[in-house]
Number of protein chains: 2
Amino acid sequence: MTRKATIGDVAKRAKVSPTAVSRWLNGGLELPETTGERIRTAVRELDYQPHAQARRLSKGKAEAIGIVVPDISNAFFALLAGEAERVAVASGHDVMIWSSRNRIERELACFDRLRAGYIDGLLLITNHEDDGRLAERIRSMPGRVVIIDEDVVGGDSAPRFFVENETGGYEATKHLLAHGHRRIAHIGGPKGVMSAIERAQGWRRAMTEAGITPDPAWHIRTEYEVEPATRDAEQLFALDPLPTAIFAGSDAVALGVMTTARRKGVSIPHDISLVGFDGMPINDLFGPPLTSIAQPIDDLGRLGALRLIAMINGEKFDGTPTRLPVQLVARGSVAAPLKNKVSG
Amino acid sequence: MTRKATIGDVAKRAKVSPTAVSRWLNGGLELPETTGERIRTAVRELDYQPHAQARRLSKGKAEAIGIVVPDISNAFFALLAGEAERVAVASGHDVMIWSSRNRIERELACFDRLRAGYIDGLLLITNHEDDGRLAERIRSMPGRVVIIDEDVVGGDSAPRFFVENETGGYEATKHLLAHGHRRIAHIGGPKGVMSAIERAQGWRRAMTEAGITPDPAWHIRTEYEVEPATRDAEQLFALDPLPTAIFAGSDAVALGVMTTARRKGVSIPHDISLVGFDGMPINDLFGPPLTSIAQPIDDLGRLGALRLIAMINGEKFDGTPTRLPVQLVARGSVAAPLKNKVSG
DNA sequence: ACGCTTTACTAAAGCGCTTTACAAAGAGCT
DNA sequence: AGCTCTTTGTAAAGCGCTTTAGTAAAGCGT
């Protein structure tokens with residue numbers, strides 16, 4: 001294999017110095033047309049391409065950002081990361097997407113990459129309670145981190161973008177109440193996770209306003225993933241009397257509920273109504289189509305990436321969180337409860 | 001912001017040369033415990049972390065690979081990339097995942113990154129017909145590229161991993177035939193795409209063996225995405241008589257068919273049976289659960305990544321394609337055709 | 001006391017690029 | 001003619017690391 005052409009090879013062939021080639025290519029030097037043409041020809045003939053590593057070392061910038069998500073094969077995160085990537089690429093940054101699989105070590109590894117100059121900034125999407133290490137890393141890298149979707153306690157030095165979780169939980173529950181439900185259970189995200197806390201608060205507030213004191217057994221916690229939710233939903237189906245409706249803390253959780261319902265021979269929405277949270281486009285295709293609180297996933301990804309890039313370019317921001325609105329999308333998984341169906 | 005510690009700072013504090021620090025850290029130098037301890041302390045106190053760009057420039061390796069997929073927010077590719085990533089990370093490589101959005105320019109950009117030394121190898125997952133440029137790049141980077149899932153004509157210098165597309169199409173069609181269907185339509189992937197061609201061949205072979213000559217109108221092509229498939233499926237629902245079954249070239253296409261069926265008031269599987277291709281785990285949750293030809297997605301990603309890393313480490317391979325088996329997963333989207341239901 | 005081996009390191013070059021500082025040659029002005 | 005200004009470049013340093021080649025000192029056998 002022939003050695004790759006370097007800037008020196010180009011310079012030699014164009015009969016100028018490497019300096020001239022570099023500066024001319026990067027727009028820092030005006031040269032007469034004949035000289036420019038010689039360089040252009042040399043570049044073409046040698047198929048020259050600057051060595052990324054060298055250029056980055058020299059410039060002191062990686063021209064790249066990283067995106068950590070809990071799991072890239074989860075459609076929600078894939079959508080989020082996809083949108084963020086689009087924005088970053090458009091501004092000339094390379095993008096690395098990493099799955100943390102909810103292992104904090106893998107998240108910390110991304111901070112190491114940041115410190116190592118491998119990326120200029122990090123878009124952090126995390127899903128689990130922090131033990132303090134994440135918060136510490138965030139503080140130690142000011143202007144380099146943007147947090148999306150889920151808070152990190154103590155990470156408030158970084159810009160953060162969330163949705164109106166409490167409102168979402170409230171609206172979901174109101175929707176079920178409006179259909180006549182009273183025994184509304186909530187299966188939400190794990191302990192210590194902001195979105196789970198806020199969505200549960202919204203649920204509780206709507207219930208209280210309706211004059212209902214939720215039975216503690218109606219509130220259970222699970223992971224935001226299909227598998228664990230499928231398992232943990234069992235508890236709900238063991239209750240007597242059964243809840244007539246379930247507000248699931250995410251669409252993945254709702255899918256878990258659907259799976260368990262199917263296995264138990266419980267029909268949705270005939271026997272139990274179900275509302276999810278996320279508003280994934282695919283919800284439309286489930287049996288039944290899933291009513292859900294839609295998050296502005298694109299905006300979340302886009303705004304986060306834009307903010308990160310602005311910071312990399314030197315703009316200053318504080319950690320005031322931005323809250324984006326959510327919206328109920330009614331589909332087919334909610335009906336009136338059985339007992340009320342006729343009597344109203 | 002205080003400057004980041006360099007290897008020189010560590011050396012000074014430990015009262016040794018940078019050489020010693022580098023070699024000791026990288027395991028190339030035995031040192032007495034006291035010296036080692038001094039270095040260890042210095043590293044800790046300065047919170048030293050080698051500069052990735054510099055190390056990579058120096059070593060002439062990026063210790064990273066890239067994965068291009070058509071669209072990371074497509075669950076199939078997300079699964080594929082996720083598995084490949086896991087393998088690569090386990091072997092100490094950084095992973096960059098890029099979405100090409102089926103733009104060949106974006107795929108070529110990934111080859112540029114390869115040439116620029118930004119990554120050591122590329123896992124290529126492409127979805128559309130090549131105009132020759134892809135094949136040329138693949139040839140020009142021997143031992144650096146592995147192709148997965150979909151062939152590139154002329155890219156046969158690189159290792160390739162595909163599934164048994166023809167068999168899959170055959171099995172899907174046989175399954176429908178076994179349920180008594182005769183008017184079996186096929187809505188498959190785009191022209192010039194290997195998997196689409198092979199799956200269609202399987203369909204055609206099963207039909208022919210059953211003594212049926214497929215009406216040309218029964219075979220239509222679309223993109224492997226939900227949106228276009230939703231649109232293009234219209235043609236199938238405009239036929240008279242309607243097909244009694246549809247073999248969709250991918251699960252995304254099947255989803256599109258389901259969407260259109262729903263809109264047209266056509267019930268699956270009551271009025272029309274449906275078989276997809278991919279075997280996405282989520283198929284279980286659709287209404288109805290989707291019968292599909294399952295691909296070994298994990299294996300595809302894993303084997304591809306392993307092969308790529310082996311090549312980076314100097315092993316030689318030729319372009320003999322590896323074919324992985326597929327398997328029919330029967331769920332609820334296939335029933336006997338209406339007219340045959342009673343008469344058998 | 002001599003050479004040989006081992007231990008414990010180091011100096012310097014080099015990876016390929018960018019950037020700062022500077023210079024030669026000509027043009028224009030007084 | 002002498003001066004400044006512009007044009008057209010170049011030399012050299014430096015980014016932070018690895019690696020090659022080597023060396024001073026200590027230990028060892030005879």
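FYI, side chains are in, hydrogens and waters are out, and symmetry mates aren't considered; it's all heavy atoms of this structure. All values derive from a computational prediction rather than experimental measurement.
A search for salt bridge (charged side-chain N to carboxylate O under 4.0 Å, His left out) contacts involving B:E315 returns nothing, not counting sequence neighbours. Listed by chain and residue number, nothing satisfies the salt bridge (charged side-chain N to carboxylate O under 4.0 Å, His left out) test with A:D156 (two or more places apart in sequence, or in another chain). For B:D130, the side-chain hydrogen bond (donor to acceptor under 3.5 Å, both in side chains) criterion is met by no residue, not counting sequence neighbours. Applying the side-chain hydrogen bond (donor to acceptor under 3.5 Å, both in side chains) criterion to A:R23, with sequence neighbours excluded, gives no partner residue. For A:D299, the side chain to side chain contact (heavy atoms under 4.5 Å, CB included) partners at least two apart in sequence or on another chain are A:P296, A:R302, A:L303, A:L324. The side-chain hydrogen bond (donor to acceptor under 3.5 Å, both in side chains) search around B:E83 returns B:R86, not counting sequence neighbours. A search for side-chain hydrogen bond (donor to acceptor under 3.5 Å, both in side chains) contacts involving B:R13 returns B:E45, not counting sequence neighbours.
B:I7 has its CD1 atom 11 Å from the P atom of D:dT19, to the nearest Å.
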Interface polar pairs with nucleotides 6-9 of chain C, N/O, under 3.5 angstrom:
residue	atom	partner	partner atom	Å
C:dC9	OP2	B:T35	OG1	2.6
C:dC9	N4	B:R23	NH1	3.3

Could you run down the sub-3.5 Å N/O contacts of the protein with nucleotides 23-25 of chain C?
none

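Of the listed residues (B:N74, B:I125, B:N127, B:L124), just one forms a side-chain contact (heavy atoms from CB on, under 4.5 Å) with B:V69, and that residue is B:I125.
Taking the screw axis at each terminus of the helix from C:dA1-D:dT30 to C:dT30-D:dA1 from five consecutive base pairs, the angle between the two is 50° to within rounding of 10 degrees.
Residues of residues 50-64 of chain A that place a heavy atom closer than 4.0 Å to DNA chain C, in numerical order, are A:P50, A:H51, A:A54, A:R55, A:S58, A:K59. Of the residues in residues 112-121 of chain B, not one comes within less than 4.0 Å of DNA chain C through any heavy atom.
Taking both residues in full, the closest heavy atoms of B:Y118 and A:Q53 are given as CA-OE1, 3.7 Å, listed atom of the first, atom of the second, then distance. What you find for A:I138 and A:A158 is that their closest heavy atoms are CG2-CB, 3.8 Å.
Between A:R323 and A:V163 there is no side-chain heavy-atom pair separated by less than 4.5 Å.
Distance alone, capped at 3.5 Å, places no donor-acceptor pair between the A:S99 side chain and the A:R101 backbone. A donor-acceptor distance shorter than 3.5 angstrom exists from the side chain of A:T41 to the backbone of A:E37, with no hydrogens or angles considered.
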Please assess B:E107 against B:H128 for the test side-chain hydrogen bond (donor to acceptor under 3.5 Å, both in side chains), listing each intermediate value before the final yes or no. CA-CA 11 Å; B:E107 292 169 337; B:H128 58 85; 2.8 Å; yes
Audit row: B:R55, B:N26, side-chain hydrogen bond (donor to acceptor under 3.5 Å, both in side chains) steps and yes/no: CA-CA 11 Å; B:R55 144 190 286 247; B:N26 293 301; 3.0 Å; yes
